Amino acid sequence: MDRKEIVALVLAGGKGTRLKGLTRNTAKPAVHFGGKYRIVDFVLSNLANSNINNVGLITQYESIDLNQYTSSGKNWGFDGNNSTFTLLSPREKEEGNSWYEGTADAIYKNLDFIDRFEPEYVLIASSDHIYKMNYSKMLSFLKHKNGDVAIACIEVDISEASRFGILETDKNQLVTKFVEKPKKPKSTKASMGIYIFKYKVLYDALKFDAKNQDSSRDFGKDIIPYLLNKKKKIFAFPFKGYWRDVGTLSSLWAANMDLLDDINCLELYEDADAFKIYSEDTKSLPQFVGPNASIKRSMVNQGSKIYGNVDHSVIFTDVVIEEDCQIYDSVIMPGAKINKGTKIYKSIVAPNVVIDENRIINEENIDVILVEK
């Protein structure tokens with residue numbers, strides 16, 4: 001196989017337990033978002049738009065749905081002559097345990113995949129976040145700095161900083177200290193879980209880590225601190241734009257509401273030739289709005305039939321909302337059916353749920369709730 005400048009590995013194996021029933025039988029990256037997308041669409045579209053066309057998707061937990069959805073990578077253009085898209089599920093190996101034991105271990109156990117391309121650089125990204133980023137700019141930044149590693153970072157409020165890996169830098173963006181989820185953070189530069197490594201630097205670090213019995217096999221806890229101790233040149237790549245971790249029901253709901261309150265936050269309505277987010281074409285029928293229906297400040301997608309009232313809500317494909325229904329501040333996922341007379345407030349309705357007539361859901365309207373099958 002020809003040598004490639006950069007290869008990308010996408011981490012998509014986490015359980016996402018804080019999303020409760022939405023991830024009971026499917027991986028977090030396959031969870032629905034924004035009316036027509038899945039969470040994983042964003043990182044894969046970022047790669048496609050950055051002209052990074054050799055991608056490995058590392059899956060583990062409840063991967064059937066995710067594997068079927070991503071398949072050959074066709075939706076993102078990774079099935080062309082100059083592209084490769086490979087699903088990297090755990091494999092039984094001669095040395096024993098195949099289950100991925102952490103983010104660093106997941107990459108280590110796929111070094112043979114990376115070696116096929118003989119890349120100069122490796123990009124590693126999580127598939128858990130909603131954002132748009134041109135990774136080619138991050139690569140150019142690393143080259144300009146003549147660095148060993150670049151870590152994408154975003155400014156967060158100091159009150160939120162303890163939830164993230166926090167970077168301290170000098171005036172040239174060189175990382176001087178990195179602490180994973182510090183109790184008393186001294187910086188507001190938060191790691192986004194996106195890294196570009198010189199491959200030789202990554203390879204050596206992962207080989208050392210694999211022999212370290214005290215390691216937790218994690219990039220934030222182990223690999224980055226190790227490289228700092230080795231005096232490797234790690235730079236913080238500043239990102240300015242919309243980025244949200246959708247790891248909880250409340251954050252998933254809030255990110256959907258963001259699309260309604262600020263339609264420019266992700267620029268999903270750009271022209272066809274712009275930086276698009278690609279997704280599966282469901283081949284659904286056009287949506288239908290009944291004669292007595294009312295739709296305000298909402299996103300309504302293909303195949304939906306709306307006969308009731310929808311206000312400030314995201315309606316996915318093939319949803320049916322019958323007469324006399326009132327839907328407020330809610331996310332209704334694909335295939336759900338809301339029978340007549342039902343009122344729903346500040347809720348996420350899981351895919352294919354059927355709600356009986358005249359139900360009143362979350363009238364207290366305080367916290368986001370999940371309505372499951």
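This is a predicted model, so every value here is computed, not measured.
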- Going by distance alone, is a donor N or O of one side chain under 3.5 Å from an acceptor N or O of the other, for Tyr100 and Asn110? yes
- Can Ser279 and Tyr69 be counted as having a side-chain donor-acceptor contact under 3.5 angstrom? yes
Check ion pair [X]-[Y] (N to O, under 4.0 angstrom):
X	Y	value
Arg38	Asp65	yes
Glu322	Lys337	yes
Lys221	Asp209	no
Glu120	Lys200	no
Lys28	Asp128	yes

- Message: Pair Lys189, Glu155 - check side-chain contact (heavy atoms from CB on, under 4.5 Å), show working.
- Response: CA-CA 5 Å; Lys189 286 187 173 71; Glu155 292 286 343; 3.5 Å; yes
- Are side-chain heavy atoms of Ile321 and Tyr307 found at a separation under 4.5 Å? no
- Task: Taking the side chain as every heavy atom from C-beta outward, state whether Leu22 and Leu249 have any atom pair closer than 4.5 Å.
- Result: yes
- Message: Take a 6.0 Å sphere around CD1 of Ile64 and say whether it holds more than 12 heavy atoms from other residues, nucleotides or ligands.
- Response: no
- Item | For Asp311, the option from Arg297, Lys296, Lys346 that meets salt bridge (Lys or Arg N to Asp or Glu O under 4.0 Å) | Arg297
